[in-house]
Amino acid sequence: MKRYETRNCLLCNSSLNEPITWKFFLTNTFPKTICLECEQKFELYNPSQQEEQCIISLYKYNDMMKDFIHRYKFMHDVILAKVFRQQINEHLAKTKAIIVPIPIHPEKLKERTFAHIDILLKEANIPFQHYLEKITTDTQVGKTRQQRINSSQLFRTSENVDIKGKEFLLVDDIYTTGTTILHAKTALFKAGAKRVTAFTLVRG
């Protein structure tokens with residue numbers, strides 16, 4: 001006889017009746033947090049051949065994802081970090097590179113109350129280390145493409161960290177013009193990194 005765990009979808013609050021099977025106990029599978037109807041509204045991102053192969057993005061920035069990011073980052077709905085933990089774990093758990101979340105400025109952290117990339121990784125059981133610091137409270141939100149491209153350096157490497165000859169994987173929530181990732185990669189390469197790749201949940 002199958003046992004069922006009754007929970008509600010974190011996005012629409014509809015009932016989830018997920019069977020508890022041996023697979024749940026014997027693998028790293030996370031219990032579902034959203035219903036099938038909500039899940040199907042997220043669109044997988046399919047990269048073109050012209051795009052950088054060293055940057056992986058999982059989903060398109062459609063209306064459903066826009067609402068998710070708004071609720072998670074700006075409405076402080078921290079529990080939504082659980083929604084994509086299975087997908088994030090599957091893509092990052094086996095990497096040998098040092099995983100580095102894109103940081104937020106300390107002032108912004110006080111304002112937001114949580115480091116949104118850190119929480120995404122924690123929920124996905126992905127270990128990470130902070131090798132970068134945000135040196136400006138300036139954000140990319142609301143800027144034109146040209147303004148983002150012309151932004152001054154956003155990051156510096158943290159003090160007393162050994163970067164030379166190491167491989168890193170940067171993690172951010174959304175990739176638009178690539179400015180944030182580029183600045184983070186530049187800071188790490190300048191400090192002697194051997195290789196830097198990137199992973200984002202969303203491609204704008």
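Sequence positions, counted from 1, serve as the residue numbers for this chain. From a predicted model like this one, the values you see are computed outputs, not experimental measurements.
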Under 3.5 Å donor-acceptor, [X] side chain and [Y] backbone:
X      : Y      : result
His91  : Gln87  : yes
Lys110 : Pro106 : no
Glu167 : Arg195 : no
Asn89  : Ile126 : no
Arg71  : Leu11  : yes

How long is the span from the [atom1] atom in [X] to the [atom2] atom in [Y], to the nearest 0.5 Å?
X      : Y      : atom1 : atom2 : value
Lys108 : Thr136 : NZ    : OG1   : 9.5 Å
Ile163 : Ser158 : CD1   : OG    : 7.5 Å
Ile79  : Leu10  : CD1   : CG    : 5.0 Å
Ile98  : Leu188 : CD1   : CG    : 9.5 Å
Lys194 : Phe189 : NZ    : CZ    : 11.5 Å
Ser14  : Arg7   : OG    : CZ    : 11.5 Å

| said: Can you confirm if the aromatic rings of Phe84 and Phe42 lie within a centre distance of less than 6.0 Å? | reply: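 Yes, close enough.
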
| request: Assess whether side-chain contact (heavy atoms from CB on, under 4.5 Å) is satisfied between Ile102 and Thr180, documenting all intermediate values. | output: CA-CA 8 Å; Ile102 294 294; Thr180 300; 3.8 Å; yes

| request: Could you walk me through whether Leu16 and Asn8 pass the side-chain contact (heavy atoms from CB on, under 4.5 Å) test, one step at a time? | output: CA-CA 5 Å; Leu16 294 176; Asn8 291 333; 5.9 Å; no

Validation row: [X], [Y] side chains within 4.5 angstrom (heavy atoms):
X      : Y      : answer
Val196 : Leu170 : yes
Ile55  : Ile181 : yes
Leu132 : Arg156 : no
Cys35  : Cys12  : yes
Ile135 : Leu154 : no
Arg203 : Lys60  : no
Val202 : Leu58  : no
Tyr175 : Leu201 : no

| said: Once ring-ring contact (aromatic ring centres under 6.0 Å, His included) is applied, do any residues pair with Tyr131, and if so which ones, sequence neighbours excluded? | reply: Phe168

How close do [X] and [Y] get, heavy atom to heavy atom, and via which atoms?
X      : Y      : result
Ser152 : His183 : O-CE1, 3.0 Å
Pro103 : Lys134 : CG-N, 3.8 Å
Ile34  : Cys9   : CA-SG, 3.5 Å
Met65  : Tyr59  : CE-CB, 3.6 Å
Gly204 : Tyr61  : CA-CB, 3.7 Å
Gln153 : Ala187 : NE2-N, 4.2 Å

| query | Is Glu37 atom CD crowded by more than 12 heavy atoms from other residues, nucleotides or ligands, each under 6.0 Å away? | reply |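 No, the 6.0 Å shell around CD holds no more than 12 heavy atoms from other groups.
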
| Over 12 non-hydrogen atoms of neighbours within 6.0 angstrom of CG in Asp63 | no

| message | Working note: Arg85 + Thr33, criterion side-chain contact (heavy atoms from CB on, under 4.5 Å); need CA distance, chi angles, decisive distance, verdict. | response | CA-CA 10 Å; Arg85 57 187 175 177; Thr33 56; 3.8 Å; yes

Is there a chain of hydrophobic side chains (I, L, V, M, F, W, Y, each step under 4.5 Å between heavy atoms) that links [X] to [Y]?
X      : Y      : value
Leu182 : Phe199 : no
Val161 : Val100 : yes
Leu36  : Val83  : no

| request: Output the rest of the hydrophobic cluster of Leu109: all Ile, Leu, Val, Met, Phe, Trp and Tyr residues reachable through side-chain heavy-atom contacts under 4.5 Å, sorted by chain and number. | output: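 Leu109 shares its hydrophobic cluster with Ile104.
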
N/O donor to acceptor pairs below 3.5 angstrom from side-chain atoms of residues 114-122, sequence neighbours left out:
unit_1, atom_1, unit_2, atom_2, d
His116, ND1, Arg112, NH1, 3.0
Asp118, OD2, His130, NE2, 2.8

| message | Could you walk me through whether Glu39 and Lys32 satisfy the side-chain contact (heavy atoms from CB on, under 4.5 Å) test, starting with their C-alpha distance in whole Å, then the side-chain angles of each, then the deciding distance to 0.1 Å, before giving a yes or no? | response | CA-CA 10 Å; Glu39 187 176 340; Lys32 283 189 171 295; 3.3 Å; yes

